[in-house]
**Student:** 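For reference, the structure I am asking about is given below.
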Protein chains: 2
Amino acid sequence: MKKYLDVLKNCKLFENISADDLFVMLGCLGAKVVSFDKKYTIFAEGSPARHIGIVLSGSAQIYQVDYYGNRSILSEIGPSEVFAEAFACAEITAMPVSVIANEPSEIMLIDCDHILHTCKNNCGFHQQLIFNLMKDLAVKTILFHQKIEITSKRSTREKLLAYLMFQSKKANSPSFDIPFDRQELADYLDVDRSGLSVEIGKLKKEGIIDNRKNHFELL
Amino acid sequence: MKKYLDVLKNCKLFENISADDLFVMLGCLGAKVVSFDKKYTIFAEGSPARHIGIVLSGSAQIYQVDYYGNRSILSEIGPSEVFAEAFACAEITAMPVSVIANEPSEIMLIDCDHILHTCKNNCGFHQQLIFNLMKDLAVKTILFHQKIEITSKRSTREKLLAYLMFQSKKANSPSFDIPFDRQELADYLDVDRSGLSVEIGKLKKEGIIDNRKNHFELL
DNA sequence: CTTATTTTGTTGAAAATTCAACATACTTTT
DNA sequence: AAAAGTATGTTGAATTTTCAACAAAATAAG
């Protein structure tokens, strides 16, 4: 576990918990580390929602596939970030989404029961953990608002521009990389891939953006 | 405050807190009740996000308006439900959305600071409150997933059908009322109002749904 | 280095959405 | 009860998106 110290220290879930306490706690919570190859499923839609996941290395994607086979990507999760916490905490029976590893990844899994129901009152870090979980969920809610702000736009161009502006703000620079290839970006924005390619081409020709592969720049 | 007992008891935020404790706590939290006329703004986009709101009577709508004036409705909030908790708990400075009263409404406002930062360790109900808040946020996240599942569909018809199916499931009946007029439903689904009317007409003609005003039935 | 495979860009046709304008129905007010 | 105002339905034209099919570019494999 020690080798994950840096990643775990950056995890919002463990804010204000000392490194010493952290390892004791992880033991008490029954945290385990599992490795996944690229494109392997971490949680399948419909499976029980019992575990919280934390990305130790690599990255993951949350997505849904509807009746007609259309994939919609909900979010991209990087190192130190938490996922599936909402499903576990809300104590719903089945996962409404799928989670896959985007690349070879190490994932920490914690049974949410151990966070919510065990030694509820006593030990100090449980209280802190719940508090951190609450904050994390609040931030996640805001991220969803942002995603909805992007996808609620009516045209591919507006969705794309709104997305790029958020990414630029997040990177604190007009120049940044995005974590998606074209098909994934289309599935995140809920638009057609070829139409998205056309729109990127237009914005380049109009001198509004510059782009090469996953790198974008707002001009 | 006593007259609001029933509504407050149904509020998830106060689950597992006795009525007696509740009123003591509301005093300690500095909860206040404010009335709003129909269409009046409860929280304006850009204003400080300090308060959590609870609908005591009436209802509220959360929405965003973009650069071009397009309104997108995020959710409809009814009695006993909490709103704006994510913004207050994430301690962001400005509200990214607006909240208006949908009808004459009474709203309880609680300064989130009092929940998060005051007497953090001691009194029992604070702990319970944080726990309840965490659960509430987890449920909210799932509701957002559902909204995204609906709006990620590519066509008006599919969005409408997905929405109606969720409403039917929520009502536990194929026959139910929706809380939106046509323009509001269009703004919730992020589609054109007239196109939505056409689609409702088609589904009726095809015998897939029945509808009169806000009442719908899946056949 | 060459070949296979995957990703991205391009195109045109079909389908759907948006937009504006108006007709009709329904509500509220006077 | 009439008038005014609001909400909903309808229509056709313009725009956009989707879809399928293919070309070109980039990447991976042999």
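So that the names make sense, note that chain A is the first sequence line, chain B the second, and so on, each numbered from 1.
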**Student:** What protein N or O atoms touch nucleotides 23-30 of chain D N or O atoms at under 3.5 angstrom, if any, and at what distances?
**Tutor:**
residue: dT27(D); atom: OP1; partner: Lys213(A); partner atom: NZ; Å: 3.0

**Student:** Reckon Arg193(B) touches a base, only the sugar-phosphate, or nothing at all at heavy-atom distances under 4.0 Å?
**Tutor:**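 Arg193(B): base contact, heavy atoms under 4.0 Å.
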**Student:** From CD of Glu184(B) over to C1' of dT6(D), roughly how many Å is that when rounded to an integer?
**Tutor:**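 Roughly 13 Å, once rounded to whole Å.
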**Student:** Between dT18(D) atom P and Arg182(A) atom CZ, what is the distance in whole Å?
**Tutor:** 17 Å
**Student:** Which whole-number value in Å describes the distance from Asn211(A) CG to dT8(C) P?
**Tutor:** 10 Å
**Student:** Val191(B) near the nucleic acid: base, sugar-phosphate alone, or nothing, with a heavy-atom cut-off under 4.0 Å?
**Tutor:**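 It contacts sugar-phosphate atoms only.
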**Student:** Under 4.5 Å between any side-chain heavy atoms of Leu161(A) and Leu203(A), yes or no?
**Tutor:** yes
**Student:** Can you see whether Tyr163(A) has Lys147(A) sitting over its ring - NZ or CZ less than 6.0 Å from the centre and within 45° of the normal?
**Tutor:**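 No - Lys147(A) does not lie over the ring of Tyr163(A) by the 6.0 Å and 45° rule.
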**Student:** If only atom types and distance count, is the side chain of Asp37(A) paired as donor or acceptor with the main-chain N or O of Tyr40(A) below 3.5 Å?
**Tutor:** no
**Student:** Check this for me: does any side-chain nitrogen of one of Glu199(B) and Lys204(B) sit under 4.0 Å from a carboxylate oxygen of the other?
**Tutor:** no
**Student:** Under 4.0 Å between a Lys/Arg side-chain N and an Asp/Glu carboxylate O for Glu85(A) and Lys140(A)?
**Tutor:**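 Salt bridge present between Glu85(A) and Lys140(A).
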**Student:** Tell me the interatomic distance from Asn70(B), atom CG, to dT18(C), atom P, rounded to whole angstroms.
**Tutor:**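 After rounding, the reported distance stands at 9 Å.
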**Student:** Specify the separation, in whole Å, of atom CD of Glu199(B) and atom C1' of dT8(D).
**Tutor:** 16 Å
**Student:** Between atom CD1 in Ile200(B) and atom C1' in dT17(C), what is the gap in whole Å?
**Tutor:**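 Value for this atom pair: 15 Å.
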**Student:** For Glu91(B), is there an ion pair with Arg50(B) - N to carboxylate O distance below 4.0 angstrom?
**Tutor:**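 No salt bridge links Arg50(B) with Glu91(B).
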**Student:** Students often get this wrong, so: under 4.0 angstrom with heavy atoms, is Ser155(B) touching a base, only sugar-phosphate, or nothing?
**Tutor:** sugar-phosphate
**Student:** Report which part of the nucleic acid Asp192(B) touches: base, sugar-phosphate, or nothing (heavy-atom distance under 4.0 Å, all strands).
**Tutor:** base
**Student:** If I take atom CD in residue Gln183(A) and atom P in nucleotide dT18(D), what distance separates them, rounded to the nearest angstrom?
**Tutor:** 12 Å
**Student:** On DNA chain D, does the nearest nucleotide to Leu196(B) precede the nearest nucleotide to Arg154(B) from the 5' side, or the other way round? Give the residue.
**Tutor:**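 Nearer the 5' end of the strand: Leu196(B).
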**Student:** Checking contacts here: which listed nucleotide (dA21(C), dT18(D), dT10(C)) is nearest the side-chain heavy atoms of Ser197(A)?
**Tutor:**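 Of all the options, the side chain of Ser197(A) is nearest to dT10(C).
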**Student:** From the list dT17(C), dT18(C), dA7(D), which nucleotide is the closest neighbour of the side chain of Asp181(B)?
**Tutor:**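 Out of dT17(C), dT18(C), dA7(D), the nucleotide with an atom closest to Asp181(B)'s side chain is dA7(D).
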**Student:** Closest to the Ser194(B) side chain: dT11(D), dT10(C), dT17(D)?
**Tutor:**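 Ranking dT11(D), dT10(C), dT17(D) by closest atom to the Ser194(B) side chain puts dT11(D) first.
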**Student:** Please report the distance, rounded to the nearest Å, between CG in Leu161(A) and C1' in dT16(D).
**Tutor:**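 Answer to the nearest Å: 16 Å.
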**Student:** Tell me if a side-chain donor or acceptor on Ser105(A) pairs with a main-chain N or O of Glu103(A) at a distance below 3.5 Å.
**Tutor:**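 Flag set: sc Ser105(A) to bb Glu103(A) pair under 3.5 Å.
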